[in-house]
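Reviewing the structure listed below.
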Number of protein chains: 2
Amino acid sequence: MSIQPLLEYIRKHIDLSSQEESILASKVVLRKYLKGQYIVQQGDVCQYECFVLSGCTKTFYVDEEGQEHIVMFSIEDWWTSDMGSFITQTPADFNIQCLENTELVLFPYNEIESLYKEIPKLERFFRQIIERAFVTSQKRLVRSFSLSAKEQYLHFREQYPQIEQRIPQYMVASYLGITKEFLSKIKNQLIYKH
Amino acid sequence: MSIQPLLEYIRKHIDLSSQEESILASKVVLRKYLKGQYIVQQGDVCQYECFVLSGCTKTFYVDEEGQEHIVMFSIEDWWTSDMGSFITQTPADFNIQCLENTELVLFPYNEIESLYKEIPKLERFFRQIIERAFVTSQKRLVRSFSLSAKEQYLHFREQYPQIEQRIPQYMVASYLGITKEFLSKIKNQLIYKH
DNA sequence: GGACAATGTTAATATAGTTTAACATTATTT
DNA sequence: AAATAATGTTAAACTATATTAACATTGTCC
């Protein structure tokens with residue numbers, strides 16, 4: 001277990017000297033979570049930005065009626081956190097839970113400012129990461145407005161085939177914002193109506 | 001017409017020397033648009049990140065059925081652009097059109113890299129702006145999943161009273177992802193069923 | 001291998017929101 | 001002030017999706 005995959009990921013955006021890589025390594029935390037463990041809990045302050053080395057997580061919230069809504073999944077080479085909570089250090093809206101045993105690189109809130117100071121290039125790196133996350137979020141919003149549930153499911157299946165195979169169907173339904181019964185109906189339609 | 005409001009806005013995030021402010025001023029473009037004019041058109045490459053000095057814009061896309069969907073409004077002290085198009089320099093998904101005569105500060109794509117180079121602090125500034133935009137977008141997604149149309153309308157009205165007064169009701173409906181007829185019904189319910 | 005929990009399916013009924021279409025009101029232009 | 005365009009309302013019929021509830025299948029653990 002090493003931060004190597006993170007360094008390779010970073011290299012796609014910026015060049016770090018080996019000294020800078022050491023600084024980075026000294027400020028981040030490598031941590032293993034078991035299936036079922038929570039990385040963040042709704043109501044707590046989110047202490048980390050997390051890079052997923054291996055495993056799979058779901059980010060979800062529980063509404064007033066106790067319904068669970070999945071906001072995103074994260075697998076290898078993705079990021080996860082409750083960014084709203086992290087940047088303002090206020091209680092999180094979301095839970096992040098491991099769906100498999102999961103290895104993370106944690107960027108602690110207390111270290112990240114000094115990281116930016118010592119390696120200003122990281123501002124650029126994170127800017128680029130977040131730009132993309134924002135665009136992804138906007139595109140999802142657009143889909144939720146203009147596509148039917150069936151079309152959204154087909155898009156999900158096409159875009160994230162690796163994820164669909166790793167998680168139960170009712171979580172896909174929750175991610176799509178529909179009930180598991182309706183997703184079941186949709187899949188049935190897809191099978192029998194050519 | 002000056003970039004003063006932009007400089008004040010930036011000061012909330014980072015400190016710029018007056019020399020840096022001059023560099024910035026030399027790279028951005030001040031531009032006036034008339035009501036109805038397009039800042040970006042779906043299919044074109046988005047050339048600017050725009051800061052709104054005055055006026056009001058809508059960002060929308062037209063789906064395959066020719067339906068218009070409004071993604072966001074921007075007023076004084078807000079940003080607008082098709083970020084997906086801007087950062088990848090590929091055709092825009094969105095149109096941005098002025099709903100009033102509008103004054104903008106444009107950050108051209110060709111200048112922004114050299115701006116980052118000459119004023120690295122701006123990486124930090126934009127990182128922070130985009131972090132907030134991302135969080136806003138995520139929260140909207142959450143609302144669209146867990147709130148009814150009526151609740152979403154009430155939230156909009158509460159959060160953006162300045163905007164509601166400036167735009168026709170059918171655009172509010174489009175922003176909320178419902179028909180104008182249904183919004184009319186909702187408003188009627190709110191009046192008579194206190 | 002049996003038992004219990006987790007996940008998935010089916011079908012009847014209910015509901016939030018859409019569609020259509022006709023009409024009402026308000027702004028804008030001449 | 002009249003004419004036209006833009007915006008807003010109402011109501012009936014319709015549709016996509018939710019809810020409920022019963023049952024089926026699969027996975028996990030003793």
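All chains are named by letter (A, B, ...) in the order of the sequence lines, taking the proteins before the strands, and each is independently numbered beginning at 1.
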Nucleotides 23-30 of chain C: which of its N/O atoms have a protein N/O under 3.5 Å away?
none

Notebook entry, point to check: Of all residues at least two apart in sequence or in a different chain, which pass the ring-ring contact (aromatic ring centres under 6.0 Å, His included) check with A:F51?
Noted result: A:Y9, A:W79
Next item on the list: Could you list the residues that satisfy salt bridge (Lys or Arg N to Asp or Glu O under 4.0 Å) with A:K32, not counting sequence neighbours?
Entry: A:E103
Margin query: I'd like to check the side-chain hydrogen bond (donor to acceptor under 3.5 Å, both in side chains) partners of B:S137; sequence neighbours left out, ordered by chain and number.
Written below: A:S137
Notebook entry, point to check: Looking at residues 155-179 of chain B, who's got a heavy atom less than 4.0 Å off DNA chain D?
Noted result: B:P168, B:Q169, B:Y170
Check: In whole angstrom, what separates A:Q189's CD from D:dT17's C1'?
Finding: 11 Å
Close N/O contacts between protein and nucleotides 10-12 of chain D (under 3.5 Å):
| from | atom 1 | to | atom 2 | distance (Å) |
| --- | --- | --- | --- | --- |
| D:dT10 | OP2 | B:N188 | ND2 | 3.3 |

Notebook entry, point to check: Is a side-chain donor or acceptor of A:S26 paired with a backbone partner of A:I23 at a separation under 3.5 angstrom?
Noted result: yes
Check: Should the pair A:R166-A:E76 be classified as a salt bridge under the 4.0 Å nitrogen-to-oxygen rule?
Finding: yes
Notebook entry, point to check: So does A:E113 pair up with A:K27, basic N to acidic O under 4.0 Å?
Noted result: no
Check: Roughly, in whole Å, what's the span from CD1 in B:I186 to C1' in C:dT18?
Finding: 12 Å
Checklist line | Overall bend - the helix from C:dG1-D:dC30 to C:dT30-D:dA1, comparing terminal axes fitted on five pairs, nearest 10 degrees | finding: 50°
Check: Once you round it to whole Å, what is the distance between P of D:dT7 and CG of B:L99?
Finding: 10 Å
Margin query: Can you list everything that forms a ring-ring contact (aromatic ring centres under 6.0 Å, His included) with B:Y109? Sequence neighbours excluded, please.
Written below: B:F86
Note to self: Keeping A:Q89 on the side-chain end and A:C46 on the backbone end, is there a donor-acceptor pair under 3.5 Å?
What the structure shows: yes
Item checked: Over-ring placement of A:R127 relative to B:Y116, 6.0 Å and 45° cut-offs -> yes
Notebook entry, point to check: Nearest-Å distance, CD (A:E68) to P (C:dA6)?
Noted result: 13 Å
Next item on the list: Starting from P on D:dG8, measure out to NZ on B:K187 and report it in whole angstrom.
Entry: 7 Å
Notebook entry, point to check: Going by the ring-ring contact (aromatic ring centres under 6.0 Å, His included) test, which pairs reach into residues 24-48 of chain B, not counting sequence neighbours?
Noted result: none
Enumerate donor-acceptor pairs with a distance under 3.5 Å from any side-chain N or O in residues 180-187 of chain B to protein atoms, sequence neighbours excluded.
| from | atom 1 | to | atom 2 | distance (Å) |
| --- | --- | --- | --- | --- |
| B:K187 | NZ | B:Q169 | OE1 | 3.1 |

Next item on the list: For A:Y153, enumerate each residue passing the ring-ring contact (aromatic ring centres under 6.0 Å, His included) test, keeping only those at least two apart in sequence or located in another chain.
Entry: none
Margin query: My understanding is that only residues two or more places apart in sequence, or in another chain, count here; which of them pass ring-ring contact (aromatic ring centres under 6.0 Å, His included) with A:Y160?
Written below: A:W78, A:F156
Margin query: Rounding to an integer number of Å, can you tell me how far B:Q67 CD sits from C:dG17 P?
Written below: 17 Å
